Structures are given as structure tokens and as C-alpha cells.
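Here the structure comes first, spelled out in C-alpha cells, and everything after it is commentary.
In what follows, chains carry the letters A, B, and so on, assigned in the order in which the sequence lines appear, proteins first and then strands, with residues in each chain numbered from 1. Worth saying up front: this structure is predicted, and the values here are computed from it rather than measured.
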Amino acid sequence: MITVAQVIVDVAAYPVDRPFDYSVPAEMTQIIEIGSRVKVPFGPRNVLGFVVAIKNETDVPLEKIKPVSQLLDFEPVLTAEMLELAKWLKNETICYEIDALQVMLPSALRAKYEKIVNLQTDIEVLPRALQEVFRTAPHVNLNVFEKNNLLTELKQALNNKQVSIENIVKQKGKVKEVRKVQITQDVQKLMEIHQQISNRAKKQKQLVEWMQNHAGEVITPEVIYKEAGTSSQVLKSVVELGAAAFVQEEVFRDPFAKEVQKTKFLSLTDEQSSALNQIMAAIDDKQPETFLLHGVTGSGKTEVYLQTIAKVLSKGKEAIVLVPEISLTPQMTERFRSRFGEMVAVMHSGLSVGEKYDEWRKIHQGKVKVVVGARSAVFAPFENVGIIILDEEHESTYKQEDSPRYHARDVALWRAGYHQCPVILGSATPSLESFARAKKNVYKLLTLKDRALKQSLPKVEIVDMRDELKKGNRSMFSQSLVESIHTRLEKNEQIVLFLNRRGYSSFVMCRDCGTVLQCENCDISLTYHRKNEKCKCHYCGYEIHVPKTCPQCQSDHIRFFGTGTQKVEEELAKLFPGARVLRMDVDTTRTKGSHEQLLQAFGDGEADILLGTQMIAKGLDYPNITLVGVLSADTSLHLPDFRAAEKTFQLLTQVSGRAGRHEKPGEVVVQTYTPEHYAIELSQAQDYEPFYEREMHMRHHAGYPPYYYLALIQVSHEDVLMAADYAGKAVEWLRSQLSFKVSIIGPTASGISRLQNRYRYQCLLKYKVEPDLIPTLLQLIKIYRSNWIKKGINLTIDLDPNMI
DNA sequence: AGCACGCCGACT
DNA sequence: GTCGGCGTGCTC
């Protein structure tokens, strides 16, 4: 009897986005399982694949069937649930099945491909240049030839069958290793070597002498440098002489570097216990119910999560907690670790590939029962999930921006259905979609109106910057804000200043002709960075020095405009000379861990003012913060996005929540040019429901979610005409296929009409219920993939886009 | 996607 | 005559 494995191969392309049948060699039949990774021959090369089914017959002619060449996992890496979820994702987000499978695994388990050139004949028959390369070994990585410019010679040798090229599959993830030095056991040999070394090489002699006393030991190079008083150069020479050898030794990453103090349950308010009881009931009844936990900032949502998790754990089940990447601070994760100790795994982008792999393995092997992580943690390979929690449910980071374009909330709901467990969506400012569902009783609404410690919400003052301008105040600080800052500085309390920078960064302009420095590849003005006097494109990374004269008119009246954090920092220094300011933006948080360090420093009182962009809006919870200033509330309001008002309201509410979370009362100053806008007005009292009503009305009027679903189709090409032409073709085709109930808007040029030298057009579909939509879009993708792709067109479909 | 096969123009 | 351009088609 033949055993056949159906394999999804690691090739993201339309014609191969289906299972291929492979025969399973006899020695593998007992151990191969669904969800295992395998190496398989595919056409002329070898690729990685996932076993999605095992059966005993096949429709494929036997002569076509090749055998699996290697089984990579003794334990399958994907469960049956994940394979099913991948199929759902493929259809739901229109992506390749392989992409859906890969996104569920840590990148360490993905494949790395290399090409190896094998020598097939005697080395002497080769041209000189090639002989050099093969001198050390008969198998050489192809990139060595590329580096040495030997591709022509290599091609020749290939034609003459003197060498062959082999595709090999490697694992990306590796066990962490350190380089150590193994000193030879043979003292005699060390003495011989000592003899050989010329008397001029004093350091080398010294090192070998030292080695004679440490024969056979394995030591790190650093220790040797220190003890023998040598350098890496000397050690290298001595190793070449054969006195010692470099070896790799495995070490294990220590995830729990610091012990945490266990904490106990906090007592709950009536609102909290009522919410908790309802969730507990759903857990007991194994109901896949979705709860929307709507609680003002500081109302103690986290404590509800913690006690829910305790309940789930007591039932022997596991819990998944999702938080937005940006608020995944040590402060947040500490709370979970301090309650559940070593039962917790943490997953976020700050971890190295290896660390992520280690955390994933802890989940996979059942060593932990709780995972706290960003978006991708929704795929945590638990097999008995008891609860899934999405904190800050409205955050746009829960949607992945590239393929597979999934939303963690949708995946969570799917998994909850599979495991028959509840989901908690928590937020102070729920997304309109979720709140609308709660109103329609699709989700169960749980409300926490009061702050847990009964602190009053901070007093919010809205300052009309137009009045300031009339008063002759042209700075970016209103009089009121300046006064408030002074007061706090005197009282030694802390201040957070928030600069809503999106689309409002510094640019460089010529004052004579008005030319603004633009990116060469994108239709975007360059952002000025004072630190290195450079102008940078935030989309493609293009960078130039600030020119001395205008490239258009050669005038030297060239200067930068706009309000970046750096500029605010300078002005702060002028206004408050003694104040210690910490700046947090992309520039100061680039390196790993710097984000945490800065927050820690601020928490420890090392600065008076924290100045930053979006990234400081969340998770910041220090008792000494009593003033929050929003420098320009409206910048996010005027973005060409139907969610602009919602985003602004969320942001202002979120930021205001940073002040006065503990004993000291908080104050918030919001500066704006449009104080009459409802998003700003209603954020003053953190009045969610009135805002919800207003905004829903707008959405209804304009035909946006949650009343309609959206699909965004983007077409790009190096040539404007081609991009426009094919965007038109796509729209034309969709019009002919879809019913009149779907409104098709476009094609129009995208918000950023050129990115990385590609012109971009888009078209927006609005629809209510349209069963034919997905199949029609799949058809469009088919047309694109079979014909348009060759012409250099790039087409993407984003269902439920975040931004338009 | 990547790679081989295969059919036409410009060179040793 | 051969080398190499890239159009076409297949991958279990």
C-alpha cells in the first residue's frame, strides 16, 4: 500500500497554490504527521512544504510522483486546527495558502534557501580562477562566485558538466551558539609550535606558553585575552598554527532573567465583578460568546482579564492575551508575570528571531498556559484555549498590512468558535464596528463607567489656537499650557507632551520659489532631521544632505518648516531652561530596548517632561504624571481617511487617560484650531456614546463601515499610463461582474500617488451583503496573476482596509 | 516564483 | 554555424 502526503509547497505563486502529492518513503510512514514540515523536490529544486493531508491513494499518475526527501519535524508544528484556519484565511483575506501557514509560525521555522556549487571533476581541468575557489572544499556557496565575479566562468564549467548546482533548504532558526576556543590536549604539540614561532612574535609565544597550562580546556576568547594578555589577532594566528581550534557551543537564552514578585488578586468594584461573573458564566457553559468590555481609562480592565485568566487556568485551559505592539511594555507584561509566574510566554517584535522561537516552543510544548503578545500571538499553538482577550480592541495594529492581511479580531473569533470559548474585546474607545455589534446584541456589552480607585477623570481644557494667534502668540505653546507646565515644574510633578505628528513633519522649503524637497522615488516631501542635517523619505528610506542652495532657483534662502519633535524640544529648552526633557520618537527609539529604557528613565523621575508621538499614548502609567498636553489635536483630523474623526477621538481619550491615574489629580490641555469639531469636543468629557451616535450618523450618510463593508483594490506600475489603464480595466471588469448594489468608486490616484518609483491607483468597493464578491475578486486576481503580472502591474486587494 | 525548453537574430 | 535574447509552460 502506498502512503501519499499532500503538501503545500513554499512557493508563493498562483499556479502552485494547491496541495501536491508526494509518496512517503517506508521509513517515514510511521512518523510523518499532518502539520509536519517536509523537504520535497519541486521541479528542479528542493523546497520546504507543509503536510496538509495523508492518504492511501492518489489521482496523479504514479510516474509523476516523487518521494518526500526529508521529514523536518518529529512533532508536527501545526495542528489540524491551524490547517483549517489557514484555509479559512486564504479565502477570507485572499492570500496564498502558504502565506497563511507561514504566518502562524515563528520565522525561525521558515526555510532559508541556498545554492551550492558542487565540483564534479578533477580540480585541475578547471580554469585558474575557479580552481582558487574550490581549493578549500568541493562544495561552495553560489554567492562566493557572485562576489568574485566568476559567474561567466561558472556558467562555462556548468555547460561542460564540470560542476553542478544544487538547491538546498536550510532552517533559519538555530540554537543559540557562542564561539569558544578549544585548546589542544597535546602538550607536546604545543611545545613544538612554541619552537616554530619566530622570536619576533613575542605575543604568540606568550599565548602558547599560557596554553600549555590550560591544555584541553574550552574557553571563551574574551577570557583568554584577559588572562593571557593577548588580542584577537594573536589568538587567530595561534589557532592557524594548530595550537587550538574555534568551536561552537550551545547556550540557552534565559527568558526569565529577573525574578518577579507574585501579586494577589485586587478587590473588584461592583461593575468589575458583574462583568467578571458574566464572562465566567460563558466559560462554564463553554459558550463562544464575544464580550465587549467598554471601560474608561483606568477602570481596571486588566484586573478583569487577570481574574478571568485565573478561572480559565483552573479549568486546565489556556489563555491568549493580545495587546497592541506599542503598549507591550515591560510594565504591562510584568502584571501578567507577577500574577501567573512562569506560566506566561511573551511575544513581541522586540524579541530576536531566536527568542521568539523559544517562546513559541514553550507554548507548543505546553510549558506555559498564558501568552501575552502582539497580533501574531493570536496563532499561539495552544490546543485547549479557554479565553481570548484583545486589549485596546480598536487599535489598527491588529490588522496586518501585508499578505495575509488578516485582522487579529477575526482570527480570535474564528478560534473561539473552534474551541467553544468566549472572547473579550476591551477598550475605552471601542471601534464603531464592535460597538455597533454590541448594540445589536451580537456582542455582549459590559460597561465599566468608573475608575477603579474612584479617581475623578482628569480635567480637560481645550485651547483654541486661533485665539492665541489673534493675541499675537505665534509659538506652538498656548499661554495656558505654558502656565500649567510652569506650575508642574515647580511642584516637581511630571508632564507628558504629545505631538500628533502624522503627516505633519518638518519639511525643507525654499523661501524664494516655494520648492519643497521631494523624494526621488515617491510623491512625498522629505522629512528634515536635524541630528545629521539630512532629509529623509519615511516611506522608502531615500536620504540626502540638506542642500546649501535651492535645487530649482539656486537661492540660498532655504530652510525647514513644520513641527517635528526635535523642533518642539528646542523651543521647550528656550521656554523652560531648567526642565529636563526626554524625547521619544522614531529617532530616539530605533535601537532595541531603547523604548523601554526611556520609559523606565521617565518613570524613575529622571526627566520632567516626556515629549513624543503616538508611541507614548498608551500604557504609560506613572503616579507622578499630572499634566498631559496635546500640542496639535487636529492633525489627525484632516487626514483623507473616513476613520480620521474616530482616530482623533480615540487618541485624545487615550492620551488624556495618562494623567492623574493615581492619587494626584490630573489635568489635560488640548490645543486645536478646530475646537468645535465633535471629535475634539466630545473627547473632553471622555463621552464615548454621544461620539458614537454622531460618528455613526456620519458613516451612515457617507456609506462607510459599519454600515457598509469595504474592499480596496490597488494597482501600481512604473509607468503612470499603465497603472491608470489597468486600474481602469480592473474597475471595468468588476462593473461587468458585480450587481448594482456594490458601489465601485474609482479608479483614482492613491493618497501617495507614487511610492518607490511606482505610480499607484486605487478603487474602493462598498457593499453590504454580496455573496459573489469574494469569488469575483478571486477571478480578478486570477486574471491579474495570469496576464497582468507579466507586464509589471502589481495588484493588491485589501478587504476591510485600515486606511484608504 | 523559478527554471527549462525552445525558437529567432547578431556575432566569432 | 553558435551564442544568447526572452516568450511559454510546468512544477506532484
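- Judged by the 6.0 Å and 45° rule, Arg361(A) forms a cation-pi pair with Tyr357(A).
- Here CD1 of Ile8(A) is found 9.5 Å from CZ of Arg18(A). Values are rounded to the nearest 0.5 Å.
- Sorted by residue number, the members of residues 19-48 of chain A with any non-hydrogen atom under 4.0 Å from DNA chain C read Phe20(A), Asp21(A), Tyr22(A), Pro41(A), Phe42(A), Gly43(A).
- Side-chain contact between Glu97(A) and Phe50(A): absent, with no pair of heavy atoms (C-beta onward) separated by less than 4.5 Å.
- Note that the NZ atom of Lys170(A) and the CG atom of Asn46(A) stand 14.0 Å from one another [nearest 0.5 Å].
- With rounding to whole Å, Glu166(A) atom CD is found 18 Å from dG2(B) atom P.
- Using cut-offs of 30° and 60° on the angle between ring planes, the pair Tyr406(A) and Phe379(A) is perpendicular.
- Under the 6.0 Å cut-off for aromatic ring centres, Tyr708(A) and Phe642(A) do not qualify, their centroids lying 6.0 Å or more apart.
- Listed by residue number, the members of residues 92-104 of chain A with any heavy atom below 4.0 angstrom from DNA chain B form an empty set.
- In 5' to 3' order, the nucleotides of DNA chain C bounding all contacts with chain A (an atom under 4.0 Å from a heavy atom) are dT11(C) to dC12(C).
- When the options Trp788(A), Tyr784(A), Tyr726(A) are evaluated for a side chain to side chain donor-acceptor pair (under 3.5 Å) with Asn794(A), the one that passes is Tyr784(A).
- Separating the CD atom in Gln400(A) from the CG atom in Asp798(A) is a distance of 11.0 Å, to the nearest 0.5 Å.
- To the nearest 0.5 Å, atoms CD1 (Ile98(A)) and CZ (Arg110(A)) are separated by 10.0 Å.
- Within the model, atoms OH of Tyr761(A) and CD1 of Ile793(A) stand 11.5 Å from one another, a figure rounded to the nearest 0.5 Å.
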